[in-house]
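Heads up, the thing below is written out as C-alpha coordinates.
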Amino acid sequence: MKTVLISGACGEVGTLLRRELAGRYKLRLSDLRPLQDKAKGETFAKADISRMADAARVTRGVDAIVHLGGYSVEGPWDDILQANIIGCYNVFEAARMNGVKRILFASSNHAVGFYPRNLKIDHRVYPRPDSRYGVSKVFGEALGSLYASKYGMEVFLMRIGKVSDKPRDKRRLSIHLSPRDLAQLVSIGLDRRDIRFEIVYGVSGNTRSWYDNSNASRLGYSPQDDSEAYAAEILARGEVEDPAGVPHQGGGFAYLEEVPNPAPLPRKKAAAKPRRKASKRSPRAGR
Ligand code: 15L
(Lines give C-alpha, C1' and ligand atoms only; values in the text may rest on other atoms or scores of the structure.)
Protein backbone atom coordinates (compact mmCIF):
# COMPACT_ATOMS: atom_id res chain seq x y z
CA MET A 1 0.00 0.00 0.00
CA LYS A 2 1.34 3.44 -0.95
CA THR A 3 2.24 5.93 1.75
CA VAL A 4 0.77 9.30 0.83
CA LEU A 5 1.39 12.61 2.53
CA ILE A 6 -1.58 14.97 2.65
CA SER A 7 -0.42 18.46 3.58
CA GLY A 8 -3.05 20.81 4.97
CA ALA A 9 -4.92 17.73 6.11
CA CYS A 10 -6.97 19.56 8.75
CA GLY A 11 -8.65 21.91 6.28
CA GLU A 12 -12.07 21.43 4.69
CA VAL A 13 -10.78 19.58 1.63
CA GLY A 14 -8.27 17.50 3.59
CA THR A 15 -10.89 16.38 6.06
CA LEU A 16 -13.28 15.22 3.34
CA LEU A 17 -10.49 13.59 1.35
CA ARG A 18 -9.26 11.60 4.35
CA ARG A 19 -12.75 10.24 4.85
CA GLU A 20 -12.83 9.02 1.23
CA LEU A 21 -9.28 7.62 1.02
CA ALA A 22 -9.34 5.76 4.34
CA GLY A 23 -8.07 2.21 3.96
CA ARG A 24 -6.85 2.75 0.38
CA TYR A 25 -3.51 4.38 1.19
CA LYS A 26 -1.38 4.78 4.28
CA LEU A 27 -2.03 8.41 5.07
CA ARG A 28 0.55 10.66 6.61
CA LEU A 29 -1.14 13.91 7.54
CA SER A 30 0.47 17.24 8.19
CA ASP A 31 -0.87 20.65 9.13
CA LEU A 32 -0.02 23.75 11.09
CA ARG A 33 -3.19 23.24 13.08
CA PRO A 34 -3.69 20.36 15.50
CA LEU A 35 -5.49 17.28 14.20
CA GLN A 36 -8.68 16.65 16.16
CA ASP A 37 -9.55 13.08 15.27
CA LYS A 38 -6.85 10.75 13.99
CA ALA A 39 -8.36 7.67 12.34
CA LYS A 40 -6.89 4.17 12.31
CA GLY A 41 -3.99 3.88 9.86
CA GLU A 42 -3.28 7.62 9.83
CA THR A 43 -0.20 9.31 11.24
CA PHE A 44 0.05 13.02 11.93
CA ALA A 45 3.01 15.40 11.98
CA LYS A 46 2.52 19.05 12.88
CA ALA A 47 4.42 21.15 10.37
CA ASP A 48 4.75 24.71 9.17
CA ILE A 49 5.64 24.26 5.50
CA SER A 50 6.88 27.84 5.27
CA ARG A 51 9.90 26.38 7.09
CA MET A 52 12.05 24.21 4.85
CA ALA A 53 13.11 21.96 7.74
CA ASP A 54 9.45 21.08 8.42
CA ALA A 55 8.73 20.48 4.74
CA ALA A 56 11.77 18.20 4.50
CA ARG A 57 10.73 16.27 7.62
CA VAL A 58 7.17 15.50 6.53
CA THR A 59 7.97 14.59 2.93
CA ARG A 60 10.70 12.09 3.85
CA GLY A 61 9.91 8.47 2.96
CA VAL A 62 6.51 8.90 1.29
CA ASP A 63 5.54 7.56 -2.14
CA ALA A 64 3.52 10.60 -3.17
CA ILE A 65 2.27 13.94 -1.91
CA VAL A 66 -1.16 15.52 -2.15
CA HIS A 67 -0.30 19.13 -1.47
CA LEU A 68 -3.37 20.89 -0.12
CA GLY A 69 -1.59 23.01 2.48
CA GLY A 70 -1.77 26.76 2.19
CA TYR A 71 -3.95 29.82 2.57
CA SER A 72 -7.22 28.86 0.94
CA VAL A 73 -8.93 32.15 0.02
CA GLU A 74 -8.14 35.74 -0.95
CA GLY A 75 -6.37 37.39 1.97
CA PRO A 76 -3.44 39.50 3.15
CA TRP A 77 -0.39 39.24 0.92
CA ASP A 78 1.94 38.21 3.71
CA ASP A 79 -0.18 35.18 4.64
CA ILE A 80 -0.37 34.14 0.99
CA LEU A 81 3.35 34.72 0.50
CA GLN A 82 4.33 32.56 3.48
CA ALA A 83 1.88 29.71 2.94
CA ASN A 84 1.36 29.54 -0.82
CA ILE A 85 4.56 30.88 -2.34
CA ILE A 86 7.30 29.99 0.15
CA GLY A 87 5.40 26.97 1.49
CA CYS A 88 4.65 25.60 -1.95
CA TYR A 89 8.26 26.04 -3.07
CA ASN A 90 9.45 24.26 0.06
CA VAL A 91 7.18 21.28 -0.56
CA PHE A 92 8.31 20.84 -4.20
CA GLU A 93 11.96 21.31 -3.29
CA ALA A 94 11.76 19.03 -0.25
CA ALA A 95 10.07 16.37 -2.39
CA ARG A 96 12.86 16.60 -4.94
CA MET A 97 15.55 16.37 -2.24
CA ASN A 98 13.81 13.38 -0.64
CA GLY A 99 13.34 11.60 -3.97
CA VAL A 100 9.52 11.78 -3.92
CA LYS A 101 8.62 11.83 -7.59
CA ARG A 102 4.91 12.35 -7.58
CA ILE A 103 3.07 15.47 -6.43
CA LEU A 104 -0.60 16.27 -6.76
CA PHE A 105 -1.08 19.99 -6.32
CA ALA A 106 -4.36 21.57 -5.28
CA SER A 107 -4.57 24.47 -7.68
CA SER A 108 -7.85 26.31 -7.88
CA ASN A 109 -10.57 27.60 -10.16
CA HIS A 110 -9.22 31.01 -9.08
CA ALA A 111 -6.09 30.47 -11.20
CA VAL A 112 -8.44 31.11 -14.13
CA GLY A 113 -11.22 33.01 -12.35
CA PHE A 114 -11.12 36.09 -14.58
CA TYR A 115 -12.49 34.15 -17.52
CA PRO A 116 -16.10 35.09 -18.19
CA ARG A 117 -18.83 32.65 -17.30
CA ASN A 118 -20.10 32.36 -20.84
CA LEU A 119 -16.82 30.88 -22.04
CA LYS A 120 -16.03 27.18 -21.78
CA ILE A 121 -12.33 26.81 -21.01
CA ASP A 122 -10.08 23.77 -21.09
CA HIS A 123 -6.78 22.90 -19.42
CA ARG A 124 -4.75 24.70 -22.11
CA VAL A 125 -5.97 28.25 -21.48
CA TYR A 126 -3.53 30.88 -20.30
CA PRO A 127 -4.03 31.53 -16.56
CA ARG A 128 -6.21 34.50 -15.63
CA PRO A 129 -6.02 34.67 -11.83
CA ASP A 130 -8.73 36.65 -10.11
CA SER A 131 -6.91 37.46 -6.85
CA ARG A 132 -3.55 37.35 -5.05
CA TYR A 133 -4.67 33.88 -3.98
CA GLY A 134 -5.25 32.95 -7.64
CA VAL A 135 -1.79 34.28 -8.51
CA SER A 136 -0.30 32.03 -5.83
CA LYS A 137 -2.03 29.04 -7.42
CA VAL A 138 -0.58 29.97 -10.82
CA PHE A 139 2.81 30.10 -9.09
CA GLY A 140 2.27 26.55 -7.82
CA GLU A 141 1.31 25.42 -11.32
CA ALA A 142 4.44 27.04 -12.72
CA LEU A 143 6.60 25.32 -10.11
CA GLY A 144 4.96 22.04 -11.05
CA SER A 145 5.85 22.63 -14.67
CA LEU A 146 9.45 23.47 -13.77
CA TYR A 147 9.91 20.44 -11.52
CA ALA A 148 8.39 18.13 -14.12
CA SER A 149 10.50 19.46 -17.00
CA LYS A 150 13.77 19.98 -15.16
CA TYR A 151 13.79 17.23 -12.54
CA GLY A 152 11.51 14.61 -14.09
CA MET A 153 8.96 14.82 -11.31
CA GLU A 154 5.43 13.56 -11.96
CA VAL A 155 3.06 16.43 -11.45
CA PHE A 156 -0.74 16.37 -11.39
CA LEU A 157 -2.35 19.80 -11.13
CA MET A 158 -5.98 19.92 -10.06
CA ARG A 159 -7.80 23.22 -10.56
CA ILE A 160 -10.28 22.51 -7.83
CA GLY A 161 -13.71 24.13 -7.78
CA LYS A 162 -15.52 23.89 -4.45
CA VAL A 163 -15.39 20.61 -2.56
CA SER A 164 -18.47 19.99 -0.44
CA ASP A 165 -21.22 17.48 0.13
CA LYS A 166 -23.69 20.00 -1.31
CA PRO A 167 -23.19 23.21 -3.38
CA ARG A 168 -24.29 26.35 -1.60
CA ASP A 169 -25.04 28.91 -4.34
CA LYS A 170 -25.43 29.45 -8.06
CA ARG A 171 -21.71 29.84 -8.83
CA ARG A 172 -20.89 26.67 -6.95
CA LEU A 173 -23.37 24.75 -9.15
CA SER A 174 -20.80 25.22 -11.92
CA ILE A 175 -17.72 24.32 -9.88
CA HIS A 176 -19.07 21.76 -7.41
CA LEU A 177 -16.83 18.79 -6.57
CA SER A 178 -18.29 16.04 -4.44
CA PRO A 179 -15.92 14.28 -2.02
CA ARG A 180 -16.20 10.95 -3.84
CA ASP A 181 -15.40 12.57 -7.20
CA LEU A 182 -12.45 14.33 -5.58
CA ALA A 183 -11.23 10.97 -4.28
CA GLN A 184 -11.58 9.43 -7.75
CA LEU A 185 -9.54 12.23 -9.30
CA VAL A 186 -6.88 12.03 -6.58
CA SER A 187 -6.62 8.26 -7.02
CA ILE A 188 -6.04 8.74 -10.75
CA GLY A 189 -3.30 11.23 -9.92
CA LEU A 190 -1.73 8.84 -7.43
CA ASP A 191 -2.05 5.56 -9.28
CA ARG A 192 -1.77 6.15 -13.03
CA ARG A 193 1.71 5.20 -14.10
CA ASP A 194 1.97 7.50 -17.08
CA ILE A 195 1.53 10.88 -15.37
CA ARG A 196 4.30 13.33 -16.29
CA PHE A 197 2.60 16.73 -16.18
CA GLU A 198 -1.16 17.05 -16.32
CA ILE A 199 -3.69 19.78 -15.64
CA VAL A 200 -7.25 18.78 -14.84
CA TYR A 201 -10.29 20.54 -13.41
CA GLY A 202 -11.38 19.29 -10.02
CA VAL A 203 -15.12 19.41 -10.61
CA SER A 204 -17.94 16.87 -10.67
CA GLY A 205 -19.85 16.15 -13.89
CA ASN A 206 -21.90 19.32 -13.47
CA THR A 207 -24.48 20.20 -16.11
CA ARG A 208 -23.66 23.90 -15.60
CA SER A 209 -19.87 23.43 -15.72
CA TRP A 210 -17.87 26.09 -17.55
CA TYR A 211 -14.95 23.71 -18.04
CA ASP A 212 -14.10 21.36 -20.84
CA ASN A 213 -12.57 18.67 -18.64
CA SER A 214 -11.62 16.35 -21.48
CA ASN A 215 -8.07 15.99 -20.19
CA ALA A 216 -9.40 14.46 -16.98
CA SER A 217 -11.71 12.17 -19.01
CA ARG A 218 -8.75 11.08 -21.15
CA LEU A 219 -7.02 9.99 -17.95
CA GLY A 220 -10.04 7.91 -16.95
CA TYR A 221 -11.98 10.35 -14.75
CA SER A 222 -15.66 9.56 -14.79
CA PRO A 223 -17.45 11.70 -12.19
CA GLN A 224 -20.43 10.19 -10.45
CA ASP A 225 -22.08 13.40 -9.29
CA ASP A 226 -23.75 16.41 -10.91
CA SER A 227 -24.72 19.50 -8.92
CA GLU A 228 -27.88 19.82 -11.02
CA ALA A 229 -29.63 17.74 -8.38
CA TYR A 230 -29.48 20.88 -6.15
CA ALA A 231 -30.15 23.51 -8.83
CA ALA A 232 -33.90 23.95 -8.37
CA GLU A 233 -33.54 24.42 -4.62
CA ILE A 234 -30.69 26.92 -4.95
CA LEU A 235 -32.19 28.94 -7.79
CA ALA A 236 -35.58 29.15 -6.05
CA ARG A 237 -33.94 31.24 -3.35
CA GLY A 238 -33.47 33.97 -5.96
CA GLU A 239 -30.29 35.21 -4.28
CA VAL A 240 -28.26 37.95 -5.92
CA GLU A 241 -25.17 35.84 -5.98
CA ASP A 242 -22.78 38.46 -7.31
CA PRO A 243 -23.68 41.96 -6.04
CA ALA A 244 -20.96 43.54 -8.19
CA GLY A 245 -22.70 42.09 -11.21
CA VAL A 246 -19.41 40.81 -12.55
CA PRO A 247 -19.94 37.65 -14.53
CA HIS A 248 -16.47 36.23 -13.92
CA GLN A 249 -16.03 32.59 -13.10
CA GLY A 250 -14.23 33.47 -9.86
CA GLY A 251 -17.20 35.42 -8.44
CA GLY A 252 -16.34 37.54 -5.40
CA PHE A 253 -12.65 36.70 -5.66
CA ALA A 254 -12.57 38.90 -8.76
CA TYR A 255 -13.70 42.04 -6.94
CA LEU A 256 -13.21 41.58 -3.18
CA GLU A 257 -9.94 42.34 -1.40
CA GLU A 258 -10.56 39.63 1.19
CA VAL A 259 -12.82 36.60 1.39
CA PRO A 260 -13.71 35.17 4.81
CA ASN A 261 -11.24 32.45 5.67
CA PRO A 262 -13.11 29.22 6.45
CA ALA A 263 -10.18 27.85 8.43
CA PRO A 264 -8.17 30.67 10.00
CA LEU A 265 -4.52 29.95 10.68
CA PRO A 266 -3.17 30.20 14.19
CA ARG A 267 -1.43 33.56 14.47
CA LYS A 268 2.25 33.58 15.33
CA LYS A 269 2.76 35.25 18.71
CA ALA A 270 4.12 38.78 18.43
CA ALA A 271 7.54 39.15 20.01
CA ALA A 272 7.22 40.43 23.55
CA LYS A 273 8.04 44.14 23.86
CA PRO A 274 11.12 44.85 26.01
CA ARG A 275 10.01 46.14 29.40
CA ARG A 276 10.83 49.74 30.05
CA LYS A 277 12.98 50.48 33.09
CA ALA A 278 10.96 52.07 35.85
CA SER A 279 11.86 55.75 36.01
CA LYS A 280 13.23 57.02 39.25
CA ARG A 281 10.70 59.41 40.61
CA SER A 282 11.57 62.23 42.96
CA PRO A 283 10.11 61.32 46.30
CA ARG A 284 8.43 64.73 46.26
CA ALA A 285 6.82 64.37 42.90
CA GLY A 286 3.92 62.39 44.28
CA ARG A 287 1.10 61.43 41.95
C1 15L B 1 -11.10 27.95 -3.55
O2 15L B 1 -10.08 27.86 -4.20
C3 15L B 1 -11.07 27.93 -2.06
O4 15L B 1 -10.00 27.19 -1.55
C5 15L B 1 -12.37 27.47 -1.46
O6 15L B 1 -12.36 27.77 -0.08
C7 15L B 1 -13.58 28.11 -2.15
O8 15L B 1 -13.60 29.45 -1.83
C9 15L B 1 -13.52 27.87 -3.63
O10 15L B 1 -12.28 28.23 -4.19
C11 15L B 1 -14.63 28.60 -4.40
O12 15L B 1 -14.36 29.16 -5.45
O13 15L B 1 -15.76 28.55 -3.93
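Remark: the backbone N or O of R132 is paired with a side-chain donor or acceptor of E74 at under 3.5 angstrom. Judged by distance alone, the side chain of D212 and the main-chain N or O of S214 form a donor-acceptor pair under 3.5 Å. A donor-acceptor pair under 3.5 Å links the side-chain atoms of N90 to the main chain of I49, judged by distance alone. Side-chain N or O atoms of D48 include none that pairs as donor or acceptor with a backbone N or O of L32 at under 3.5 Å. In this structure a side-chain-to-backbone donor-acceptor pair under 3.5 Å is missing from Q82 to S50. Under a 3.5 Å cut-off, the side chain of E20 and the backbone N or O of L17 do not form any donor-acceptor pair.
For the pair V259 and N261, the minimum side-chain heavy-atom distance is 4.5 Å or more. Between N215 and D122, the closest side-chain pair of non-hydrogen atoms is not below 4.5 Å. Side-chain contact check for P76 versus E258: some heavy-atom pair is nearer than 4.5 Å. Side-chain contact check for V4 versus R28: every heavy-atom pair is 4.5 Å or farther apart.
For A111 against E141, the heavy-atom pair with the smallest separation is CB-OE2, 3.9 Å. Taking every heavy atom of both residues into account, K137 and A106 meet most closely at NZ-O, 2.8 Å. The two atoms that bring L35 and R18 nearest to each other are CD1-NH1, 3.4 Å, heavy atoms only.
A donor atom on one side chain and an acceptor atom on the other are found under 3.5 Å apart for H67 and S7. Between H176 and N206, the side chains place no donor N or O within less than 3.5 Å of an acceptor N or O (distance only, hydrogens not considered). Checking E93 against Y147 by side-chain atom types alone, a donor-acceptor pair falls below 3.5 Å. Side-chain contact annotation: R117 with S174, donor-acceptor N/O pair under 3.5 Å absent.
The distance from atom OG of S30 to atom CZ of F44, rounded to the nearest 0.5 Å, is 7.0 Å.
Ion pairing between a basic and an acidic side chain is recognised when a charged N comes within 4.0 Å of a carboxylate O; E154 and R192 show no such pairing. A salt bridge links E198 with R218: the distance from a Lys NZ or Arg NE/NH1/NH2 to an Asp or Glu carboxylate oxygen falls below 4.0 Å. Using a 4.0 Å cut-off between charged side-chain N and carboxylate O, D169 and R171 make no salt bridge. Taking a cutoff of 4.0 Å between a charged side-chain nitrogen and a carboxylate oxygen, E233 and K166 qualify as a salt bridge. With salt bridges taken as basic N to acidic carboxylate O contacts below 4.0 Å, one links D191 and K2. Residues D225 and R180 are paired through a salt bridge, judged by an N-O separation under 4.0 Å between the basic side chain and the carboxylate.
The residue from V163, D226, L177 that alone fulfils the side-chain contact (heavy atoms from CB on, under 4.5 Å) condition with S204 is L177.
By the 4.5 Å side-chain criterion applied to Ile, Leu, Val, Met, Phe, Trp and Tyr, Y115 is assigned to a cluster that also includes V112, L119, I121, V125, Y126, I175, Y201, V203, W210, Y211. Residues L173, Y230, I234 make up the rest of the hydrophobic cluster containing L235, defined by ILVMFWY side-chain heavy atoms closer than 4.5 Å, directly or through other members.
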